[in-house]
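First comes the structure, then the notes that go with it.
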Amino acid sequence: MKFLRLLPFVVALPLAAQQRVALTPPMGWNSWNHFAGRVTDADVRAAADAIVSSGMKDAGYIYVNIDDTWEGKRDASGVLHTNEKFPDMKALGDYIHSKGLKFGIYSSPGPQTCARFEGSYQHEEQDAKTWAEWGVDYIKYDLCSYRTIMREAAAKDPANGEKIQSDLMRQAYQKISDAIRKTGRPMVLSLCQYGWDEVWTWAPSLGGNLWRSTGDISDSYLSMSQIGFSQAGLSKYAGPGHWNDPDMLEVGNGRMTAEEYRTHMSLWSLLAAPLLAGNDLSKMSDETKSILLNKEVIAIDQDSLGKQGDRVWGKGALEVWAKPLSNGKVAVGLFNRSLEAAPVSVRFADAGAKSSAKVRDVWAGKDLGTKQGSYTANVAAHGVVLLILE
Ligand code: GLA
């Protein structure tokens, strides 16, 4: 009897522990956006070195994550080994840890990853054990070829096809979540299935700490802005331990202007998005550093209240987004998606702030004094003015 009354706590405990590994949105670096399939052990070590020497580690960027294409073949007992680009994954993990950083890796619930390397299908427990032995702290689990398994199952019973696919997908993520828990090593669990099936409604309950809410980002204003501004309405699904993930940062990869990269960084911070830099950290311009390392912008993303921001006003190409912060402050982004500079106003009431507020321009690093009711700024083309209202 007594045990039965305690049961809910016994069941709830591991999930709460899982949420604790990501009380604020994860920050770090991931190899994919810059290196894609070319990434090697040496690139990852160089990234770990640069994260420390650039000051990124001190600013909160802790995870060093290898994306797809590290995988080799399975041996006779099914244990997955690395390919020649990664001669010794345990040694690489030790190197990352020796710098006070954390180590992330990538796999798929399918037989093959998206880049057609070996996936974890039917080897989930075995692979989770291998990752734990390597010292992995973060796993990105990318649907990829598992879609074929879902589709084939659905084709056998078309009337229930959608439900079959949805169930299979959830089971696959539950399976890896359980396998990770069984290793006893805490790992951040990142779901990557491109936002299908309203993943934000079910990922947290199976131990997901973050879930991609869209398709893949690329290094262009069009891609970044379509993804970022499409996040309106998702704020209620995020909170400490579980975050919407509009994909990794492109800041510093070279195909957007500094203004556009500031828009990217501002919007991701207002969204309480994971901040995973995706550039070559060993070759960063001062401009890139000034964007990735702005402490006040990072503080908006990492605010302990853990509330995601949302759109509070929009008209044509002009949008205002607001994120409630601890201590009653509010972060506000005035965005201009058009090709010409334009004035954008925030009414404090729309942003959930009091009618009289001290206004700070975050990128300019300037206090603008106390304003009544609203504030208007001229916003550059594709640009942002990021404010804190107090
Ligand atoms: C998918 C993911 C990307 C990346 C690649 C790797 O496209 O969405 O983020 O991991 O696979 O193959």
Side-chain angles (χ1 to χ4, degrees), residues 22 25-41 43-44 47 63-73 80 82-83 85-86 89 103-121 127 131 136-151 169 172-173 176 187-200 203 208-220 222-224 226-228 230-231 234 243-253 255 264 268 271 273-281:
M27 290 178 69
W29 173 84
N30 173 293
S31 60
W32 187 254
N33 282 357
H34 179 80
F35 291 96
R38 300 179 310 275
V39 66
T40 65
D41 175 283
D43 297 325
V44 177
Y63 288 96
V64 175
N65 294 354
I66 307 170
D67 208 277
D68 202 353
T69 77
W70 61 264
E71 309 86 345
K73 297 276 164 254
L80 181 57
T82 53
N83 61 41
K85 296 192 296 154
F86 291 91
M89 206 55 116
F103 175 31
I105 213 169
Y106 167 101
S107 191
S108 169
Q112 287 194 324
T113 66
C114 290
R116 296 175 186 269
F117 285 67
E118 186 75 18
S120 293
Y121 184 57
D127 285 0
W131 304 330
V136 165
D137 307 297
Y138 181 121
I139 170 75
K140 170 174 167 183
Y141 208 51
D142 192 354
L143 196 64
C144 304
S145 66
Y146 192 76
R147 280 175 290 190
T148 311
I149 290 166
M150 288 159 49
R151 281 191 205 119
M169 183 161 52
Y173 282 100
I176 203 67
M187 293 181 209
V188 171
L189 175 57
S190 157
L191 277 68
C192 180
Q193 43 78 281
Y194 336 113
W196 290 355
D197 197 20
E198 301 193 321
V199 58
W200 39 84
N209 297 109
L210 59 155
W211 50 86
R212 280 274 298 280
S213 48
T214 73
D216 287 13
I217 196 167
S218 62
D219 187 18
S220 74
L222 186 67
S223 163
M224 179 279 291
Q226 278 179 349
I227 284 180
S230 76
Q231 302 299 288
L234 292 184
W243 309 100
N244 288 298
D245 173 12
D247 208 357
M248 305 168 290
L249 296 172
E250 293 283 6
V251 176
N253 277 332
R255 291 178 186 273
H264 187 6
W268 263 236
L271 292 170
L275 297 179
L276 294 170
N279 55 318
D280 182 353
L281 301 183

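Note that the structure is predicted; figures quoted are calculated from it, not measured. Whatever order the structure lists ligands and atoms in, that order sets their numbers, starting from 1.
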For residues I227 and W268, determine if any side-chain heavy atom of one lies less than 4.5 Å from a side-chain heavy atom of the other. yes
Would you say W211 and N244 are linked by a side-chain donor-acceptor pair, where the criterion is simply a distance under 3.5 Å? yes
When you compare the side chains of D68 and T113, does any donor N or O come within less than 3.5 Å of an acceptor on the partner? yes
Sequence neighbours left out, what passes disulfide (SG to SG under 2.5 Å) with C114? Give chain and number order. C144
Dump all N/O pairs between ligand 1 and the protein below 3.5 Å as a table: atom names plus distance, one pair per row.
unit_1, atom_1, unit_2, atom_2, d
ligand 1, 7 (O), D216, OD2, 2.6
ligand 1, 8 (O), R212, NH1, 3.2
ligand 1, 8 (O), R212, NH2, 3.4
ligand 1, 8 (O), D216, OD1, 2.5
ligand 1, 8 (O), D216, OD2, 3.4
ligand 1, 9 (O), K140, NZ, 2.8
ligand 1, 9 (O), R212, NH1, 3.3
ligand 1, 10 (O), D67, OD1, 2.6
ligand 1, 10 (O), D67, OD2, 3.4
ligand 1, 10 (O), K140, NZ, 3.0
ligand 1, 11 (O), D142, OD2, 2.9
ligand 1, 12 (O), D68, OD2, 2.9

Quick one: do the Y194 and D142 side chains pair a donor with an acceptor below 3.5 Å? yes
From the list D67, D245, N65, side chain to side chain donor-acceptor pair (under 3.5 Å) partner of K140 resolves to D67
